[in-house]
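Take a look at the structure below.
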Amino acid sequence: MSHEVKFCLVFRDMWQSAGKYVPRVDQLVQVAPAIIDMGCFARVETNGGGFEQVNLLFGENPNKAVRAWTKPFHDAGIQTQMLDRALNGLRMSPVPADVRKLFYKVKKVQGTDITRTFCGLNDVRNIIPSITYAKDAGMISQCALSITHSPIHTVEYYTNMAVELIKAGANEICIKDMAGIGRPYSLGQIVANIKKKYPDIPIQYHSHAGPGFSVASILEVCQAGCDYIDVGMEPLSWGTGHADLLTVQAMLKDAGFKVPEVNMEAYMRVRTLVQEFMDDFLGLYISPRNRLMNSLLIAPGLPGGMMGSLMADLETNLESINKNRKKKGEKDMSQDELLIKLFDEVAYVWPRVGYPPLVTPFSQYVKNLALMNVTQMLKGKERWSIIADDIWDMLLGKAGRLPGKLAPELIEKAQEENRVFFEGNPQDNYPDALDKYRALMKEKHWDTGENDEELFEYAMHPAQYEAYRSGKAKADFTADVAKRIEEKNAANNLPQKPQSLSVDVDGKLYKVVVSFGNSTVTDEPKEKEEEKKVESAPIVAGEGEPLLAPLEGKFFLVKNASDTPVKEGDTVVKGQTVCYIEAMKVYNAVAAEKDGVITQICLKQGDSVEEDKPLMMIK
């Protein structure tokens with residue numbers, strides 16, 4: 001008789017592999033009892049990854065969300081797990097050590113049992129401190145091998161990495177096949193090698209369905225001794241998501257493994273609720289293409305979690321590209337044409353940037369580099385003309401060791417820009433910061449929260465947290481939902497009558513009324529309406545020449561709340577970073593193009609800006 005295999009429902013990743021958002025906390029609490037009643041899950045992935053940022057974007061408090069969402073599973077004896085990014089914590093960029101330590105303490109007391117820690121470069125120096133931090137907080141430390149397929153990433157490479165992590169104290173190992181491109185036979189060998197040396201170490205397998213290997217891989221790793229399998233369920237399984245619970249359960253049962261039975265009545269309740277959440281507003285952020293599996297994904301190796309947002313990125317960039325093509329009298333490019341160009345450019349970029357495993361944030365970095373290269377070259381500019389600071393940190397070694405060698409063309413570009421390569425411990429580049437954020441919260445008269453959980457959120461996600469506290473995040477979110485509903489109804493030729501949407505955020509009900517025309521009205525307080533009118537007022541140009549946005553995104557003067565922004569009247573020099581455009585989860589630095597004085601800053605922090613629109617005036 002084969003051994004027992006247990007299931008984990010990756011509920012958080014199900015949503016974020018399909019689109020931009022996860023359900024609101026009231027929806028999560030609604031679906032939890034039905035998930036429990038299914039009776040087949042030993043674990044549920046409740047948070048981690050982008051979960052915290054999503055709550056802040058909703059205008060919700062992520063600390064309250066985690067606590068309310070994990071409680072029903074604890075009461076039912078089901079373990080909760082989360083995903084964290086080692087040096088990057090819960091965000092796309094590196095995190096100071098004191099913030100990382102606080103992270104585990106906060107999430108443990110809020111109800112998270114297991115932390116799945118991975119490094120996008122597979123640099124164990126970034127993962128090992130998290131083992132200590134997690135265990136000191138009373139959590140189970142599960143360390144992940146980020147799987148990809150390249151000449152460097154062999155069975156021996158991954159076996160040795162697992163051994164090193166277990167020797168460092170990891171309680172469990174995750175085979176994190178984030179793009180689903182791990183070859184079944186090789187994955188089975190990796191699991192067998194680990195189990196042979198450490199038979200009592202639990203192994204959990206995570207894969208995305210996209211390229212089509214995942215079901216075969218699940219059978220191979222189970223035959224090699226895997227203990228837990230991550231699964232999704234309809235209507236968010238397959239495609240860029242995960243293999244469906246029912247398929248996996250039936251396959252393993254037939255192969256002789258001991259697997260739990262599924263309460264189908266409860267399964268259908270969960271399925272119905274998930275569809276209702278999609279029909280409410282979440283489906284507005286899910287591309288129909290993300291429901292499809294595609295073997296074209298084998299070559300670029302882009303992960304399922306990232307594919308959920310990729311199509312939205314393509315839409316934005318395609319619009320910008322086609323505006324430029326129209327100016328030249330050229331024919332519009334289709335999304336399929338742009339997608340193929342992107343995949344081809346990923347194949348060009350990936351080996352030249354040292355084969356980083358294509359997992360967050362480095363999958364986004366490689367994809368963003370490729371997409372920027374494509375868009376810039378289509379506009380007649382050079383390849384590598386826009387490289388964000390965070391991407392440079394990866395190339396220079398500040399985020400960890402690249403598995404492969406950097407291409408000479410990028411080394412030369414770094415030297416031309418006087419950038420310095422780093423060989424030391426990545427954490428040394430990011431000094432402790434909690435005292436700074438504690439002081440900022442004191443200045444703003446903000447409570448640091450129970451167990452310093454609000455301090456943690458501010459230090460981990462400074463820009464998003466400020467937008468949440470100011471109410472801007474809630475206003476932007478409700479307005480965006482209203483806009484998408486209007487566009488969807490107009491595209492479907494629905495009757496031209498007002499539509500309403502109720503959005504419950506952080507315990508407060510916000511009603512959005514959408515009229516089919518130019519007006520969108522919300523029930524926000526009067527002062528908020530006045531503030532929005534000021535923000536949308538026409539910009540009066542200052543003296544000097546405009547500094548134009550190099551791409552479309554959100555405007556920020558600083559990346560971190562503790563940084564000092566430039567202001568009107570400041571003297572700047574050519575090449576000095578004066579602001580940032582946040583696009584595709586990356587802050588892209590914008591430098592002054594000349595020496596001079598800033599006579600006007602044309603936008604406010606967090607405002608959306610189109611490509612080639614003025615950011616500031618410099619004389």
Side-chain angles (χ1 to χ4, degrees), residues 6-16 21-58 60-85 89-90 100 102-117 130 133-142 171-172 174 202 204 206 228 230-233 236 266 269-270 273-274 277 282 449-457 460-461 468 504-507:
K6 299 178 181 180
F7 296 137
C8 172
L9 180 66
V10 281
F11 197 81
R12 190 275 315 171
D13 201 11
M14 272 170 47
W15 288 98
Q16 292 192 267
Y21 290 122
V22 298
R24 299 184 310 265
V25 64
D26 59 296
Q27 295 171 320
L28 294 171
V29 171
Q30 183 184 3
V31 76
I35 293 173
I36 294 166
D37 287 346
M38 285 175 65
C40 58
F41 297 118
R43 296 174 171 179
V44 174
E45 185 204 35
T46 48
N47 51 306
F51 183 86
E52 311 275 318
Q53 296 99 312
V54 164
N55 278 266
L56 292 170
L57 289 170
F58 279 163
E60 280 191 350
N61 187 311
N63 295 308
K64 293 180 181 178
V66 172
R67 202 176 288 113
W69 172 220
T70 57
K71 186 177 186 303
F73 299 111
H74 273 280
D75 292 345
I78 295 172
Q79 290 179 312
T80 57
Q81 72 177 46
M82 70 179 300
L83 182 68
D84 81 85
R85 299 165 179 163
L90 293 178
R100 290 177 68 183
L102 180 58
F103 157 46
Y104 297 97
K105 293 177 182 177
V106 165
K107 294 308 158 190
K108 173 58 180 177
V109 296
Q110 288 176 352
T112 310
D113 300 310
I114 304 164
T115 177
R116 175 179 292 172
T117 306
S130 293
Y133 302 155
K135 293 170 79 170
D136 286 349
M139 301 179 84
I140 294 171
S141 174
Q142 183 184 95
N171 299 116
E172 301 182 1
C174 171
Q204 190 160 340
H206 174 92
Y228 294 88
D230 285 356
V231 294
M233 60 175 290
L236 289 177
R269 287 205 305 273
V270 176
L273 283 170
V274 168
F277 300 161
L282 287 159
E450 182 181 350
N451 300 302
D452 278 339
E453 62 186 18
E454 297 301 312
L455 172 65
F456 162 73
E457 289 300 339
M460 183 64 72
H461 308 110
Y468 151 71
D504 187 335
V505 288
D506 209 16

(message) Given Ile114, which partner from the list Gln204, Met82, Met139, Gln142 fulfils the side-chain contact (heavy atoms from CB on, under 4.5 Å) test?
(response) Gln142
(request) Would you confirm whether Thr112, through its side chain, and Lys108, through its main-chain N or O, come within 3.5 Å as a donor-acceptor pair? (result) no
(message) Within the structure provided, determine whether Val274 and Trp15 are in side-chain contact (heavy-atom separation under 4.5 Å).
(response) yes
(request) Could you check if a side-chain atom of Tyr133 sits within less than 4.5 angstrom of a side-chain atom of Phe103, using non-hydrogen atoms only? (result) no
(message) Please enumerate all residues that pass salt bridge (Lys or Arg N to Asp or Glu O under 4.0 Å) together with Glu453, with sequence neighbours excluded.
(response) Arg67
(request) With sequence neighbours left out, write down each residue that passes side-chain hydrogen bond (donor to acceptor under 3.5 Å, both in side chains) with Thr80, or none if nothing qualifies. (result) Asp113
(message) Donor-acceptor pair, distance only, cut-off 3.5 Å: does the side chain of His74 make one with the backbone of Gly111?
(response) yes
(message) So, taking the atom named CG in Asn47 and the one named CH2 in Trp69, what distance separates them when rounded to the nearest 0.5 Å?
(response) 9.5 Å
(message) If I take atom CG from residue Leu102 and atom CZ from residue Phe456, how far apart are they, to the nearest 0.5 angstrom?
(response) 7.0 Å
(request) Can you sort out the partners of Phe277 under ring pair (Phe, Tyr, Trp, His ring centres under 6.0 Å), two or more places apart, ordered by chain and number? (result) none
(message) Quick one, Asn61 and Glu454 - any side-chain contact, counting heavy atoms below 4.5 Å?
(response) yes
(request) Mind checking side-chain contact (heavy atoms from CB on, under 4.5 Å) for Val109 and listing every partner two or more places apart, or none if nothing turns up? (result) Asn451
(message) I need the Asp230 CG to Phe11 CZ distance, nearest 0.5 Å.
(response) 14.5 Å
(message) With rounding to the nearest 0.5 angstrom, report the CG to CD distance, Asp452 to Glu457.
(response) 12.0 Å
(message) Does any part of the side chain of Thr70, heavy atoms only, come nearer than 4.5 Å to the side chain of Gln110, both counted from C-beta?
(response) no
(request) For Asn171, enumerate each residue passing the side-chain contact (heavy atoms from CB on, under 4.5 Å) test, keeping only those at least two apart in sequence or located in another chain. (result) Lys135, Ile140, Ser141
(request) Look up atom CD in Gln81 and atom NE2 in His206, then write down how far apart they are to the nearest 0.5 Å. (result) 9.5 Å
(request) Can you run down the salt bridge (Lys or Arg N to Asp or Glu O under 4.0 Å) pairs that involve residues 45-56, sequence neighbours left out, and say none if there aren't any? (result) Arg12-Glu45, Glu52-Lys107
(request) Mind listing the closest non-hydrogen atom pair of Glu60 and Ala65 along with its distance? (result) OE1-CB, 4.4 Å
(request) For the residue pair Phe41 and Ile36, establish whether any side-chain heavy-atom pair is separated by less than 4.5 Å. (result) no
(message) Any heavy-atom pair between the side chains of Pro62 and Leu56 that's under 4.5 Å?
(response) yes
(request) Kindly compute the distance separating CD1 (Ile35) from CG (Leu28), expressed to the nearest 0.5 Å. (result) 8.0 Å
(message) How close do Met460 and Gly89 get, counting heavy atoms only, and between which atoms?
(response) CE-CA, 4.1 Å
(request) Apply ring pair (Phe, Tyr, Trp, His ring centres under 6.0 Å) to Tyr104 and list each qualifying residue two or more places apart in sequence or on a separate chain. (result) none
(request) For Asp136, enumerate each residue passing the salt bridge (Lys or Arg N to Asp or Glu O under 4.0 Å) test, keeping only those at least two apart in sequence or located in another chain. (result) none
(request) Taking side-chain contact (heavy atoms from CB on, under 4.5 Å) as the test, write out the residues that go with Pro202, two or more places apart. (result) Glu172, Asp227, Tyr228
(request) Could you tell me which residues satisfy side-chain contact (heavy atoms from CB on, under 4.5 Å) with Ala266, sequence neighbours excluded, listed by chain and number? (result) Asp37, Met38, Asn263, Arg269
(request) Would you indicate whether the side-chain heavy atoms of Leu90 and Arg85 approach each other to under 4.5 Å? (result) no
(request) Scan residues 73-83 for pairs that pass salt bridge (Lys or Arg N to Asp or Glu O under 4.0 Å), counting only residues two or more places apart or in two chains. (result) Lys71-Asp75
(request) Considering non-hydrogen atoms only, spot the tightest contact between Phe51 and Val22 and give its length. (result) CD1-CG2, 3.9 Å
(request) Answer whether the closest heavy-atom distance between the side chains of Leu282 and Pro23 falls below 4.5 Å. (result) yes
(request) Please name all residues satisfying side-chain hydrogen bond (donor to acceptor under 3.5 Å, both in side chains) with Thr115, sequence neighbours left out, ordered by chain then number. (result) Asp84
